[in-house]
Structures are given as C-alpha cells and as structure tokens.
Amino acid sequence: MADDASPAAEDTEVERRRIGGIPLRAFAPNAITALALCFGLTGVRFAIGEEWEKALAAIIFAGVLDGMDGRIARLLRAQSKFGAELDSLSDVIAFGVAPAMILFLWSLDNAPKFGWTAALALAVCCALRLARFNSRMDADFQPHKSAGFNTGIPAPAGAGMAFVPVYLWLVTANDLFREWYVVMPWALGIAMLMISAIPTYSWASIRLRRSWRLFALAGVGLLGAALVTAPWLTLLAVCAVYAATLPFGLASYARVKRRG
C-alpha cells in the first residue's frame with residue numbers, strides 16, 4: 001500500500017494550485033464584483049431605451065453588490081490582488097462610465113457645448129480617484145485611512161449623488177431638473193468631490209454604542225421598506241443626509257488629527 005503524501009508534497013500541491021489559478025473560495029466575491037459590473041452596463045442599456053427608472057435601479061443595485069463583495073471576501077479570507085484589480089475596474093465602469101452615459105443621454109446631450117465634456121469629467125474623475133486609492137494601498141503613511149476616513153467621496157456615493165437631478169425629476173416631474181444648465185454644474189461638482197482631498201466618513205470611522213444597535217437595525221429595516229415604497233424620495237433623503245455629513249467629517253478628522 002502506498003504511503004500517505006508527505007506534508008512537503010501537500011504544501012507543494014497547494015502552492016501549485018495557488019500559482020495556477022484563483023482559489024475556489026475567492027470565486028464568490030469575484031462573481032459578485034463581476035455582477036456589479038454587469039448591472040452598471042445594464043443601466044446604460046436601459047438609458048439608451050429611455051427607461052430611466054430601470055437605469056437608475058441597475059446602478060443602485062450595482063452599489064449594493066459593491067458593498068457586499070469586499071465584506072464577503074474578508075469573511076471567507078479570500079482577499080487577493082486579482083479581486084482588488086477587478087473591483088477597481090468594476091467601480092470605474094459601474095460608478096463612473098455608466099452614470100456619465102446615463103446623465104449624457106438623459107440631459108447633457110442637449111447642451112450646446114461641453115455636454116459630453118461634463119459627462120467625461122465624471123467618468124475620468126472616478127477613474128482618477130480609484131487610481132489614487134490603488135496607488136496608496138501599500139503606502140506606510142495614509143493619514144485619512146489610518147484615522148478611519150476616506151479621501152474624497154467614494155465612487156458608489158459619487159454615482160448616487162450625481163443622480164440627484166434625476167431623482168428630483170422623477171419625484172416632481174419638473175423638467176427644470178432635466179435642463180443641461182442644472183445637470184452640468186452638478187455633475188462637475190460631484191466629479192471634483194470624488195478627486196478632492198477632503199476627509200469623508202467611512203464605515204471604519206462609525207462606531208455604534210451598544211444601546212443604539214437595536215435602533216440602528218430597526219432603521220435599516222425601515223430604510224429598506226422606504227426604498228421599496230418610495231425609492232426616489234428615499235434616495236433624495238439619503239443623499240441629503242450624506243451631503244450634510246461632509247462638514248462634520250472635516251471637523252471630526254480635525255479633532256482626530258489634533259489628538260495625534
């Protein structure tokens with residue numbers, strides 16, 4: 001009878017599998033990332049057909065998937081350089097290219113000049129933000145990250161904020177919010193916020209007291225119900241709350257920095 005494989009042989013086999021392909025446990029988070037990319041592009045397809053509500057819903061769902069893939073990867077201990085690169089590519093397409101195309105087809109196409117330039121600015125600034133994030137990933141000194149803050153607004157939040165004129169149009173049916181001279185400066189402002197150096201709250205910077213956890217869970221449930229019953233009004237409220245946190249993020253980071 002043949003002897004059992006030695007530990008050294010098993011280690012060699014594991015190393016060969018690691019070099020030869022992606023570990024099986026990494027499939028789930030990478031598949032979710034790929035789905036987010038597909039939903040982003042699907043939003044463009046709906047925009048071409050002028051199905052604006054479906055286009056926005058596709059981008060919002062891509063944002064939900066983007067929030068899941070990293071957490072599932074950490075849960076499964078399946079973080080990899082491949083997954084990080086795929087996530088960045090997915091974010092550029094789903095939260096940079098797709099929102100830029102949707103806004104262009106919805107409004108900016110009517111601008112006499114610079115409509116396409118404004119749409120490009122949104123996509124390019126999203127790509128620049130992610131390139132900056134990736135280039136600093138292994139840096140020893142990251143003051144914002146070490147304090148639990150983001151640098152600039154994240155790509156999914158930027159995409160959601162860029163659609164504020166569309167939410168307003170869907171809620172009020174007022175064509176003023178669809179005019180290019182309203183949408184263009186708003187899109188350019190969101191693009192600048194994405195590549196800005198302002199500290200913004202991240203999940204790591206939020207701490208819930210034990211006594212508030214049940215209230216927070218109830219709030220999440222109510223938010224989900226509101227998104228189902230009145231999605232665009234709810235998203236407007238979420239964007240307003242997020243915008244209101246920006247100055248508080250600056251103040252909080254200043255306090256953290258003073259404490260050393």
The test is side chain to side chain donor-acceptor pair (under 3.5 Å); show your working for Asp175 and Trp169 and say whether it passes. CA-CA 6 Å; Asp175 284 335; Trp169 176 71; 3.0 Å; yes
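For the pair Asn174 (side chain) and Leu176 (backbone), a donor-acceptor distance under 3.5 Å is present. Judged by distance alone, with hydrogens and angles left aside, the side-chain atoms of Ser90 form no donor-acceptor pair with the main-chain N or O of Asp87 at under 3.5 Å. When atom types are taken as modelled, the side chain of Arg129 and the backbone of Ile153 share a donor-acceptor pair closer than 3.5 angstrom. In this structure, Ser88 contributes its side chain and Glu85 its backbone to no donor-acceptor pair below 3.5 Å. Thr151 places no side-chain N or O within donor-acceptor distance of the main-chain N or O of Pro199, the cut-off being under 3.5 Å. Under the 3.5 Å distance criterion, the side-chain polar atoms of Thr42 are matched with a main-chain donor or acceptor of Cys38. Side chain of Tyr201 to main chain of Phe248: a donor-acceptor pair is present (N/O by atom type, distance under 3.5 Å, no hydrogens or angles). Not one N or O on the side chain of Thr33 forms a donor-acceptor pair closer than 3.5 Å with the backbone of Leu86. In this structure, Arg178 contributes its side chain and Ala173 its backbone to no donor-acceptor pair below 3.5 Å.
The side-chain heavy atoms of Leu103 and Val166, taken from C-beta on, include a pair separated by under 4.5 Å. For the pair Ile198/Thr200, a side-chain contact is recorded, criterion being any heavy-atom separation below 4.5 Å from C-beta on. Contact of the Pro154 side chain with the Phe95 side chain is not registered, since no non-hydrogen atoms from C-beta on lie closer than 4.5 Å. A 4.5 Å side-chain heavy-atom check between Ser107 and Phe177 finds every atom pair outside the cut-off. Looking at Ile59 and Phe39, their side chains never come closer than 4.5 Å, going by heavy atoms from C-beta outward.
Applying the salt bridge (charged side-chain N to carboxylate O under 4.0 Å, His left out) test to residues at least two apart or on different chains, the pairs with a partner in residues 28-54 are Arg45-Glu51, Glu51-Lys54.
Once rounded to the nearest 0.5 Å, the distance linking CE of Met184 with CG of Leu122 reads 12.5 Å. Note that CZ of Phe163 is 10.0 Å distant from CH2 of Trp52, once rounded to the nearest 0.5 Å.
Note on ring orientation: taking the six-membered ring where Trp is involved, the planes of Trp232 and Tyr167 are parallel (angle under 30°, cut-offs 30° and 60°).
Using a 4.5 Å cut-off between side-chain heavy atoms of Ile, Leu, Val, Met, Phe, Trp and Tyr, with links allowed through other members, Leu235 and Ile190 fall into the same hydrophobic cluster.
Residues that satisfy the ring-ring contact (aromatic ring centres under 6.0 Å, His included) test with Phe104, not counting sequence neighbours, are Trp116.
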